[in-house]
Amino acid sequence: MKYLTPEIVKNKQILMRVDFNVSFDSKGQISDDYRIQRVLPTIKFLKKNKAKKIILISHLGQPKKEDFWTNQFSLKPVADYLEKTLKEKINFCSLPQIDDIKKEIKKSADGSLWLLENIRYHLGEELNDKHFAKELAQLGDIYINEAFSVSHRTSASLCAITEFLPSYPGLLLQEEIKHLQLIKDQPLQPFVVVLGGAKVKDKLPLINSLNQKASQILVGGVMANTILKAENLEIGCSLYESEVLSQAKDLDFSNNKLILPGDFVVLTEHQERKIRDFTQIQAKDTILDIGPIAALTFGKIIEKAKTILWNGPMGKIENPRFQSGTKTILKAIIQNKKAQTVIGGGDTISSLKFKIQNSKFKFSDNIFLSTGGGAMLQYLANKTLPGLKALE
């Protein structure tokens, strides 16, 4: 894989794939700008080294055909936000035809910065259509992939486009690979993996892949519910993923590395918050967090780790009544200054946001926050990431 240098970008028109698939609050304001912030150093690098023009490509959500070229999935609010953040003009282009976009960009002054409308408004994007990619490639002299978080997708702006332009990983993508490769190849022991949240189908292969390398794999959230259900234990009305029960049943517990919570915080049928041992879950209970004993046990294991990987909260973190388990995990990780730590997944990063705000928690240099969720899991599970393979 070739890497960026100042000489490569000087006087070149840059076509850069980013991931500005951000969250919005009920007022239509961006509620989590982490992925935007992480791309800013690359934009500044390009401008500092006199890139001719910078054209950013991103998606937002999963628009259906009837949503194309509507405001519902428009990146215009992101362009406005980026303009305020960078304190410079962002040219937002909502034209549907690539030829028209090319003409507009050509009329702009050198040094200008562009954001194109949602790339998923083009049918050729998710089909990884070569004809569409060739058209798109006309907008730049070189291509940069700065969207690690979607590099597990096979899309025209990630894969096919690399056949038509000199292609490079962005600074953030390089950083992602560097940190994940250390965990994948040379984790210092004890190596502790913490898995929570949902998307169990994506995380089960990671358990199998890291089972030999990890000292302990601590499991909470819907992951834990699904495994308990597969073992025919009562989980009441709790969420679980039925389509992966057979795979969950095949997990290897014989080496004592896989650790499930011994107690849970549940919501009873009368809407009461109660702590229950895993053998005491009732038919109308809903598991919404790991219990205090499990949180303490997990925390003590994390405190002794020298490598930590965390993906997924321990409970329903959007409800203050069920944040305790995730807070305990976060506190243990932050207090462990000696461990090389990678934290990834959209829900996990969001869970950190509300705890870091108005608190004394601060991240040190030993903690890397990955922008990837599914991409991170697939990379660590030794699966091919099409977006990375295309760069090679």
Side-chain angles (χ1 to χ4, degrees), residues 14-24 28 30-36 38-39 43 54-82 90-102 104-105 113-140 143-165 167 170 172-173 199 202 345-347 371-376 378 385-391:
I14 310 296
L15 195 57
M16 184 159 75
R17 178 58 155 99
V18 296
D19 182 3
F20 288 165
N21 186 30
V22 294
S23 303
F24 292 84
I30 292 174
S31 57
D32 184 355
D33 68 348
Y34 181 67
R35 285 177 172 167
I36 295 174
R38 295 294 275 121
V39 174
I43 294 174
I54 304 167
I55 301 103
L56 305 177
I57 304 169
S58 181
H59 72 284
L60 182 67
Q62 291 277 4
K64 296 177 181 176
K65 195 171 180 181
E66 58 267 26
D67 300 316
F68 288 6
W69 310 106
T70 66
N71 291 331
Q72 186 179 357
F73 292 95
S74 176
L75 281 164
K76 180 64 167 66
V78 177
D80 295 340
Y81 189 90
L82 189 61
I90 304 296
N91 299 280
F92 179 69
C93 188
S94 59
L95 296 171
Q97 300 301 323
I98 300 297
D99 281 346
D100 293 336
I101 296 171
K102 186 179 177 181
E104 285 297 306
I105 292 173
L113 182 56
W114 290 78
L115 175 62
L116 305 187
E117 183 56 285
N118 194 336
I119 194 66
R120 288 184 177 169
Y121 283 173
H122 296 271
L123 283 172
E125 167 65 0
E126 296 201 73
L127 296 173
N128 196 29
D129 183 78
K130 288 189 179 183
H131 177 73
F132 172 63
K134 188 175 182 179
E135 281 191 317
L136 196 60
Q138 296 174 25
L139 301 179
Y143 166 79
I144 296 173
N145 181 345
E146 194 61 307
F148 173 78
S149 48
V150 286
S151 288
H152 58 314
R153 309 290 186 195
T154 306
S155 305
S157 66
L158 291 160
C159 300
I161 195 167
T162 63
E163 298 183 28
F164 305 103
L165 288 174
S167 301
L172 172 59
L173 193 144
K199 298 183 180 176
D202 293 337
D347 289 341
T371 58
M376 183 185 88
Q378 287 197 29
L385 269 60
L388 299 191
K389 188 175 181 182
L391 292 176

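Since we're looking at a predicted model, the values are computed, not measured. Position 1 is the first residue of the sequence; numbering continues from there.
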K.L.:
Listed by chain and number, what are the side-chain contact (heavy atoms from CB on, under 4.5 Å) partners of A375, not counting sequence neighbours?
P.N.:
F148, H152, L385

K.L.:
Does any pair with a residue in residues 65-78 pass side chain to side chain donor-acceptor pair (under 3.5 Å), and if so which ones, sequence neighbours excluded?
P.N.:
S74-E117, K76-D80

K.L.:
Please list, chain by chain and in numerical order, all residues satisfying salt bridge (Lys or Arg N to Asp or Glu O under 4.0 Å) with E135, sequence neighbours excluded.
P.N.:
none

K.L.:
Name the residue from L56, L158, L136, I144 that meets the side chain to side chain contact (heavy atoms under 4.5 Å, CB included) definition with R17.
P.N.:
L158

K.L.:
For residues Y121 and F68, report the shortest heavy-atom separation together with the two atoms involved.
P.N.:
O-CD2, 3.0 Å

K.L.:
Measure the spacing between CG of D202 and CE of M376 and express it to the nearest 0.5 Å.
P.N.:
11.0 Å

K.L.:
Do L116 and L139 have side-chain heavy atoms sitting under 4.5 Å apart?
P.N.:
yes

K.L.:
Working to the nearest 0.5 angstrom, can you tell me the gap between I55 CD1 and K102 NZ?
P.N.:
11.0 Å

K.L.:
Sequence neighbours left out, what passes salt bridge (Lys or Arg N to Asp or Glu O under 4.0 Å) with K130? Give chain and number order.
P.N.:
E163

K.L.:
Among all residues two or more places apart in sequence or in another chain, which pass the side chain to side chain donor-acceptor pair (under 3.5 Å) test with R120?
P.N.:
none

K.L.:
For F24, what residues pass the ring-ring contact (aromatic ring centres under 6.0 Å, His included) criterion, not counting sequence neighbours?
P.N.:
none

K.L.:
With sequence neighbours left out, what residues match S151 under side chain to side chain donor-acceptor pair (under 3.5 Å)?
P.N.:
N145

K.L.:
Holding to ring-ring contact (aromatic ring centres under 6.0 Å, His included), I want the full list of residues that pass it with F132, two or more places apart in sequence or in another chain.
P.N.:
H122

K.L.:
Working to the nearest 0.5 Å, report the span between CG of N118 and CD of Q62.
P.N.:
9.5 Å

K.L.:
Between L75 and S58, is there a side-chain heavy-atom distance shorter than 4.5 Å?
P.N.:
yes

K.L.:
Which of these, I30, I57, L82, L60, sits in a side chain to side chain contact (heavy atoms under 4.5 Å, CB included) with F20?
P.N.:
L82

K.L.:
Give, for atom CZ of F164 and atom OH of Y143, the distance between the pair rounded to the nearest 0.5 Å.
P.N.:
13.0 Å

K.L.:
What is the distance from atom CZ of R38 to atom OG1 of T371, rounded to the nearest 0.5 Å?
P.N.:
7.0 Å

K.L.:
Please name all residues satisfying side chain to side chain donor-acceptor pair (under 3.5 Å) with D19, sequence neighbours left out, ordered by chain then number.
P.N.:
R35, S149

K.L.:
Determine whether V22 and D32 make a side-chain contact, defined as any pair of heavy atoms from C-beta on separated by less than 4.5 Å.
P.N.:
no

K.L.:
As an exercise, state the distance from SG of C159 to CG of D129, rounded to the nearest 0.5 Å.
P.N.:
13.0 Å

K.L.:
Using salt bridge (Lys or Arg N to Asp or Glu O under 4.0 Å) as the criterion, list what pairs up with R153, not counting sequence neighbours.
P.N.:
none

K.L.:
Under a 4.5 Å cut-off applied to non-hydrogen side-chain atoms, are V18 and I43 in contact?
P.N.:
no

K.L.:
Kindly give the heavy-atom pair with the smallest separation between G124 and A156, and that separation in Å.
P.N.:
O-CB, 3.6 Å

K.L.:
For C93 and I101, which heavy atoms make the closest approach, and how far apart are they?
P.N.:
SG-CG1, 3.7 Å

K.L.:
The criterion is side chain to side chain donor-acceptor pair (under 3.5 Å); which residues satisfy it with E126, sequence neighbours excluded?
P.N.:
none

K.L.:
Not counting sequence neighbours, list each pair that qualifies as a side chain to side chain donor-acceptor pair (under 3.5 Å) and has a residue in residues 90-99.
P.N.:
none

